[in-house]
Amino acid sequence: MWTKATQKLIRSLDTRKGRRKERLFVAEGPKLVGELMGHFSCVHIVATEEWRIAGGVAPAGVVCDWVTADELQRVSLQPSPQQVLAVFRIPDDEEPQADMFGRQLVIALDGVQDPGNLGTIVRLADWFGVQDIWCSVGTADIWSPKAVQATMGGLARVRVHYINLVQQLESLPEDVPVYGTSLQGENLWQSSLQPYGIIVMGNEGNGVSAAVNALCRQRLLIPNYPPERETTESLNVAMATGIVLAEFRRQQSLQ
């Protein structure tokens, strides 16, 4: 039922405090909502008649409010609402599984602050077949509306864990590669990379923290081109993640 209480609840999910209290998050748009529907528990849908005409169907047992475009605009957490808004339950965080070590790549994010960057990294992880992302406690909230939208549905297949990153890296077996991105690292194109291990990406402004950097066993640099040319100081963290993942998968395809 389209009530003021429902509207207030949805708007509260724009804040981390509200999401933590309710254990709910919001996704908007037909494609994203459709991607997440089979992977997260949906508790409420707010949609226009346009969504229903286009084939949108609320799952059995899920409350659905049919509203006008103007009414959707008033509760939407996005600049441009897209026919449907869905409220999903935030799943309980799962501890990283020890048996993943030695079998797959994991991305570790050390203090990434921008939710758009975080969401884009989830999208990249999905594209390059990375199933788990470890986030330090200071990393942005993946359940924020901006981050969820930026994943473009990647959240359906990528697990995001918030952990004590230093302790997690310290607990790794000695033979697990830990790759850190650094301006003092070795040339990425000339490095021998394993098809498994941990890839650490740092904060947008400060890079990888000193405590985490000390635990990296191999440091990688994405070189500018040509080397002698003056360029921008650094790459966006999401862009850098995509480049690094592409090189890991390229080398793996040649093995």
Side-chain angles (χ1 to χ4, degrees), residues 39 91 93-144 146-148 150-173 176-182 185 188 191 193-209 211-222 234-253:
H39 298 270
D93 196 11
E94 301 176 7
E95 288 292 323
Q97 298 299 307
D99 64 356
M100 70 174 60
F101 307 135
R103 296 189 301 108
Q104 64 184 54
L105 280 178
V106 173
I107 299 171
L109 302 181
D110 184 20
V112 170
Q113 293 295 294
D114 185 85
N117 282 336
L118 175 56
T120 301
I121 290 170
V122 171
R123 183 181 181 182
L124 286 163
D126 186 32
W127 182 262
F128 285 107
V130 175
Q131 298 178 331
D132 291 272
I133 295 178
W134 298 349
C135 294
S136 67
V137 292
T139 297
D141 183 13
I142 188 56
W143 308 111
S144 72
K146 184 176 180 181
V148 171
T151 70
M152 295 296 288
L155 266 176
R157 292 163 293 275
V158 177
R159 296 178 292 267
V160 179
H161 313 273
Y162 285 85
I163 59 173
N164 184 314
L165 187 54
V166 171
Q167 289 184 4
Q168 185 70 27
L169 293 177
E170 286 177 336
S171 70
L172 292 174
V176 174
V178 180
Y179 301 94
T181 48
S182 169
L188 176 66
S191 301
L193 307 174
Q194 297 295 326
Y196 60 90
I198 317 300
I199 302 172
V200 180
M201 306 300 297
N203 174 272
E204 289 90 341
N206 301 317
V208 178
S209 65
V212 171
N213 184 57
L215 298 169
C216 294
R217 297 164 183 170
Q218 186 173 350
R219 293 169 182 81
L220 304 173
L221 165 70
I222 302 173
S234 62
L235 290 173
N236 169 275
V237 64
M239 183 183 298
T241 301
I243 293 171
V244 172
L245 285 175
E247 179 60 14
F248 268 84
R249 293 313 192 200
R250 186 193 72 82
Q251 291 196 22
Q252 184 177 358
S253 71

Participant: Below 4.5 Å, heavy atoms only, C-beta onward: do Cys135 and Ile163 meet side chain to side chain?
Facilitator: no
Participant: Report the distance from atom CG of Asp141 to atom NZ of Lys146, rounding to the nearest 0.5 Å.
Facilitator: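 Taking CG in Asp141 and NZ in Lys146, the distance rounds to 13.5 Å.
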Participant: Which atom pair, heavy atoms only, marks the closest approach of Gly154 to Asp126?
Facilitator: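 Nearest pair, atom of Gly154 first, then Asp126: CA-OD2, 3.6 Å.
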Participant: Ignoring hydrogens and geometry, is there a side-chain-to-backbone donor-acceptor pair from Asn203 to Gly111 under 3.5 Å?
Facilitator: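 Pair found, side chain donor or acceptor close to backbone of Gly111.
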Participant: Could you tell me whether the side chain of Val106 reaches within less than 4.5 Å of the side chain of Val130, counting heavy atoms only?
Facilitator: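 Heavy-atom side-chain distance check fails, nothing below 4.5 Å.
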Participant: Begin with the C-alpha distance, continue with both residues' side-chain angles, and end with the deciding distance and a verdict on side chain to side chain contact (heavy atoms under 4.5 Å, CB included) for Leu220 and Phe248.
Facilitator: CA-CA 12 Å; Leu220 304 173; Phe248 268 84; 4.0 Å; yes
Participant: Can you see which heavy atom on Val112 is nearest to which on Gly202, and at what distance?
Facilitator: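 The answer is CG2-O, 3.7 Å.
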Participant: Roughly how far apart are Tyr162 OH and Trp143 CH2, rounded to 0.5 Å?
Facilitator: 8.5 Å
Participant: To the nearest 0.5 angstrom, please state how far the CG atom of Leu124 sits from the CE atom of Met239.
Facilitator: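 Reported to 0.5 Å precision, the distance equals 10.5 Å.
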Participant: Counting C-beta onward and ignoring hydrogens, is there a side-chain heavy-atom pair between Trp134 and His161 closer than 4.5 Å?
Facilitator: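 The answer is yes, as the side chains (C-beta and beyond) meet within the 4.5 Å cut-off.
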Participant: Quick check for you: to the nearest 0.5 Å, what is the distance between Glu247 atom CD and Ser191 atom OG?
Facilitator: 8.0 Å
Participant: If you compare all heavy atoms of Ile222 against all heavy atoms of Val244, which two are closest, and at what distance to 0.1 Å?
Facilitator: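 Closest pair (atom of Ile222, atom of Val244, distance): CD1-CG2, 3.8 Å.
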Participant: Counting C-beta onward and ignoring hydrogens, is there a side-chain heavy-atom pair between Leu193 and Tyr179 closer than 4.5 Å?
Facilitator: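 Contact flag for Leu193/Tyr179 side chains = yes.
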Participant: State, yes or no, whether a side-chain contact exists between Ile199 and Met201 at a heavy-atom distance under 4.5 Å.
Facilitator: yes
Participant: Using every non-hydrogen atom in the two residues, find where Ala240 and Leu235 come nearest and quote the distance to one decimal.
Facilitator: CB-CB, 4.3 Å
Participant: Would you confirm whether Gln113, through its side chain, and Gly138, through its main-chain N or O, come within 3.5 Å as a donor-acceptor pair?
Facilitator: yes
Participant: For the backbone of Pro115 and the side chain of Ser144, can you confirm whether one donor and one acceptor N or O come within less than 3.5 Å of each other?
Facilitator: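 No, because the side chain of Ser144 does not come within donor-acceptor range (under 3.5 Å) of the backbone of Pro115.
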Participant: Output the distance between atom CD (Gln252) and atom CG (Leu105), rounded to the nearest 0.5 Å.
Facilitator: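 It comes to 7.0 Å.
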Participant: Given side chains that start at C-beta, do those of Asp110 and Leu165 come closer than 4.5 Å, heavy atoms only?
Facilitator: yes
Participant: Side chains of Asp132 and Gln104, heavy atoms from C-beta outward: is any pair under 4.5 Å?
Facilitator: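 Yes. Closest side-chain heavy atoms under 4.5 Å.
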Participant: Among Val160, Leu245, Leu109, which one satisfies side chain to side chain contact (heavy atoms under 4.5 Å, CB included) with Ile121?
Facilitator: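 That would be Leu109.
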Participant: Give the C-alpha distance, both sets of side-chain angles, the deciding distance and a yes or no for side chain to side chain contact (heavy atoms under 4.5 Å, CB included) between Glu204 and Asp114.
Facilitator: CA-CA 8 Å; Glu204 289 90 341; Asp114 185 85; 3.4 Å; yes
Participant: What's the verdict on side chain to side chain contact (heavy atoms under 4.5 Å, CB included) for Thr120 and Thr241, showing C-alpha distance, side-chain angles and the deciding distance?
Facilitator: CA-CA 9 Å; Thr120 301; Thr241 301; over 6 Å; no
Participant: Under the side chain to side chain contact (heavy atoms under 4.5 Å, CB included) rule, what do Ile133 and Arg159 come out as? Steps first, then yes or no, please.
Facilitator: CA-CA 6 Å; Ile133 295 178; Arg159 296 178 292 267; over 6 Å; no
Participant: What heavy-atom pair brings Pro195 and Arg249 nearest, and what distance separates the two atoms?
Facilitator: O-NH1, 4.1 Å
Participant: Once rounded to the nearest 0.5 Å, what's the spacing between atom CD of Gln194 and atom CD of Gln218?
Facilitator: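 Between atom CD of Gln194 and atom CD of Gln218 there are 8.5 Å.
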Participant: Tell me every residue that passes side chain to side chain donor-acceptor pair (under 3.5 Å) with Asn213, counting only those two or more places apart in sequence or in another chain.
Facilitator: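 Here the qualifying residues are Arg219.
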Participant: Measure the shortest side-chain to side-chain distance between Leu155 and Ile142 over non-hydrogen atoms and say whether it is less than 4.5 angstrom.
Facilitator: yes
Participant: Locate the shortest heavy-atom distance separating Gly185 from Leu221; write the atom from each residue and the value.
Facilitator: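 The answer is O-CB, 3.5 Å.
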